[in-house]
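Notes to accompany the following structure.
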Amino acid sequence: MTEQHQFERGTDGPRVILVGVDGSDSSFRAAAYAAGLARRQHALLAVVYVQPVMAAGAALGVPAAQTTDEIAEGLIAEIRQATERVRGLFDMRWEFHTFRGDPYNGLVKAADDLKADAVVVGASEQAGHRIIGSVAIRLVKAGRWPVTVVP
């Protein structure tokens, strides 16, 4: 017998919409799309950046960890600027979260921890992902949440 997941939590729409961002153009398009969904559904927008875990050899120096921290800080700054531009026009609740790990497992953990009702991600911009599969495809195949992939 297969495990069944409950997609409806007794509400008239999603309470938490999770969007994964990594600084790429497609992730920012996904964030804009998810923000529109969250605004229309009166849902919380959970913006998630997954900081890569560096291998022991690569993490000997602090610069690698500092780089991912700087990316997270830059993403927060960009999101805050975008929020300020629409203040007064749109009323929307959002939170920024960082998780550590590989992008797929980090987003799965984030979606579980935050009790996401839907997940939005940008389409991969890396050519190799067409062969080995992208994070978006793996999330869809997991079948645990409705997943929207934004080009």
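The side-chain heavy atoms of His97 and Leu114, taken from C-beta on, include a pair separated by under 4.5 Å. Arg144 has its side chain within reach of Asp112: a pair of non-hydrogen atoms, C-beta onward, lies under 4.5 Å apart. For the pair Lys115/Val16, no side-chain contact is recorded, criterion being any heavy-atom separation below 4.5 Å from C-beta on.
Val119 meets the side chain to side chain contact (heavy atoms under 4.5 Å, CB included) test with Leu18, Ala111, Val121, Leu139, Trp145, Val147; sequence neighbours excluded. Every residue meeting the side chain to side chain contact (heavy atoms under 4.5 Å, CB included) condition with Tyr33, not counting sequence neighbours, appears here in chain and number order: Leu37, Val120, Thr148, Val150. Annotation: side chain to side chain contact (heavy atoms under 4.5 Å, CB included) contacts of His42 (sequence neighbours excluded): none. Remark: Arg40 pairs with no residue by the salt bridge (Lys or Arg N to Asp or Glu O under 4.0 Å) rule, at least two apart or across chains. With sequence neighbours excluded, the residues forming a side chain to side chain contact (heavy atoms under 4.5 Å, CB included) with Ser27 are Val21, Asp22, Ser24, listed by chain and number. Asp113 meets the salt bridge (Lys or Arg N to Asp or Glu O under 4.0 Å) test with Lys109; sequence neighbours excluded.
Shortest non-hydrogen contact noted between Ala43 and Arg93 is C-NH2, 3.6 Å. Between Gly23 and Phe28, the shortest heavy-atom distance links the atoms O-CE1, 3.4 Å.
The side chain to side chain contact (heavy atoms under 4.5 Å, CB included) with Val50 is formed by just one residue from the set Val108, Leu107, Asp102, Thr98; it is Leu107.
With hydrogens and angles disregarded, a donor-acceptor distance shorter than 3.5 Å links the side chain of Arg29 to the backbone of Pro151.
To the nearest 0.5 Å, the span separating CG on Leu44 from CG on Asp117 amounts to 10.0 Å.
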